[in-house]
Protein chains: 2
Amino acid sequence: MRIGELADASGVSTRSLRYYEEHGLIRSERTPGGWRDFDSSMVERVVMIQHLFAAGLCSATINELLPCLEAPPEERTGVMEQLLAQEVERLEAKRRDIDRELDTLQALRSETALSGEVRTPSRRSPPWDTTE
Amino acid sequence: MRIGELADASGVSTRSLRYYEEHGLIRSERTPGGWRDFDSSMVERVVMIQHLFAAGLCSATINELLPCLEAPPEERTGVMEQLLAQEVERLEAKRRDIDRELDTLQALRSETALSGEVRTPSRRSPPWDTTE
DNA sequence: GTGGAACTTCACACCGGTGTCAATTGCAAG
DNA sequence: CTTGCAATTGACACCGGTGTGAAGTTCCAC
């Protein structure tokens, strides 16, 4: 199938498909004229890739992950588990960051609601020990 | 005080200070020679700005927020409360996104741990109804 | 054989806070 | 005076997935 068909079938723009190919996420044959010729199994793969992107993974990580997903089950458990665990950790760290940011805002809200000493926040124990 | 002093005192690079000024977050006089001359009260303000940046706010939002922080208490409650509430909502939305991404990864993990049908994820009810 | 759609590659833009380089200029100490 | 650091403005880079546009080629239906 050609890139336009794949784009329609998967809901991903041709631009993105070329990007995926450029980064090794998908592969294609070429017609004698130089056009991409995708196997129809690529539709599901592209959909999968989209979901992984939506899950916040970067192309490099997806690139590591995809071979594991295609390997026979007995081989993939180790590496893939590790990768996914890493990603989960990354997301959870991100979540903790956001929680800290939320705390900062809440602190700012309550602090300024109480007193007029807003311009000197570092005087009393600052709630911004986010140590980033 | 000059920009270098302010940078040292606040722990923010001169580059960032110029950026802040360029975006209206801080103001300065100019010496006859054209150098920035900051009021020493800027130190605390810059520190505050840094914390707001660290809390994930963008410069535009900080720009809206700062006047409220400097206004007398009776004026600021309304607008500021609203801005902060907006930011809290934004962060919470972000958090929900991350939670969904985490769900996606966990689903992927458990799914692939069970079966070899990894290449056809959209066949059975997909866990990726993230509707982003 | 031809018009036009679909495709090719190449390249720039975006977002936003910061690093960094370059060419000038201010200012203080020797 | 010179030397040298600090500051000035301006511009480009980054990151990363995607939009978009241009200029040129291929394919298909008529």
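Proteins come first, then strands; the chains are lettered A, B, ... in the order of their sequence lines, and each starts at number 1.
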Discussion item. For the helix from C/dG1-D/dC30 to C/dG30-D/dC1, what angle separates the axis at the start from the axis at the finish, each from five pairs, in steps of 10°?
Written reply: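 Here the local axes at opposite ends form an angle of 30°.
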
Item to complete: Give one of base, sugar-phosphate or nothing for A/R18, where a contact means two heavy atoms less than 4.0 Å apart.
Response: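 A/R18: base contact, heavy atoms under 4.0 Å.
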
Response to the item:
The contact string for nucleotides 18-26 of chain C, one letter per nucleotide 5' to 3', using protein heavy atoms under 4.0 Å with B, S and - for base, sugar-phosphate only and none, comes out as BBB-----B

Worksheet item: Along DNA chain D, 5' to 3', what are the outermost nucleotides having an atom less than 4.0 Å from a heavy atom of chain B?
Response: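 Here the contact window of chain B covers D/dA6 to D/dA11.
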
Practice prompt. State, with a plain yes or no, whether a side-chain heavy atom of A/L66 is found less than 4.5 Å away from one of A/I49.
Written response: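 A side-chain contact exists here, since the closest heavy-atom pair is under 4.5 Å.
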
Worksheet item: Under a 4.5 Å cut-off applied to non-hydrogen side-chain atoms, are B/V12 and B/Y20 in contact?
Response: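 Yes. Closest side-chain heavy atoms under 4.5 Å.
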
Item to complete: State the CD-CG distance between B/Q106 and B/D99, to the nearest 0.5 angstrom.
Response: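 The distance works out to 11.0 Å.
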
May I have the distance from [X] (atom [atom1]) to [N] (atom [atom2]), rounded to whole angstrom?
{"X": "A/D8", "N": "C/dA6", "atom1": "CG", "atom2": "P", "answer": "9 Å"}
{"X": "A/D37", "N": "C/dA6", "atom1": "CG", "atom2": "P", "answer": "17 Å"}
{"X": "A/E22", "N": "C/dT8", "atom1": "CD", "atom2": "P", "answer": "13 Å"}

Residues which pass side-chain contact (heavy atoms from CB on, under 4.5 Å) with [X], listed by chain and number, not counting sequence neighbours:
{"X": "B/R18", "result": "B/I3, B/T14, B/R36"}
{"X": "B/E29", "result": "B/D37"}
{"X": "B/R90", "result": "B/L57, B/E87, B/K94"}

Worksheet item: Does A/D97 pair with A/R100 as a salt bridge, N-O distance under 4.0 Å?
Response: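 Counted as a salt bridge, because a side-chain N and a carboxylate O are separated by less than 4.0 Å.
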
Worksheet entry | Expected output: side-chain A/R45 to main-chain A/L25 donor-acceptor under 3.5 Å |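 Looks like yes, one N/O pair under 3.5 Å.
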
Item to complete: Using modelled atom types only, decide if a donor and an acceptor are shared between the side chain of A/E5 and the backbone of A/R2 within a distance under 3.5 Å.
Response: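 Present.
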
Discussion item. For a quick test of reading the model, state the closest non-hydrogen atom pair linking A/N63 to A/P67 and the distance between them.
Written reply: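 Closest pair (atom of A/N63, atom of A/P67, distance): O-CD, 3.0 Å.
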
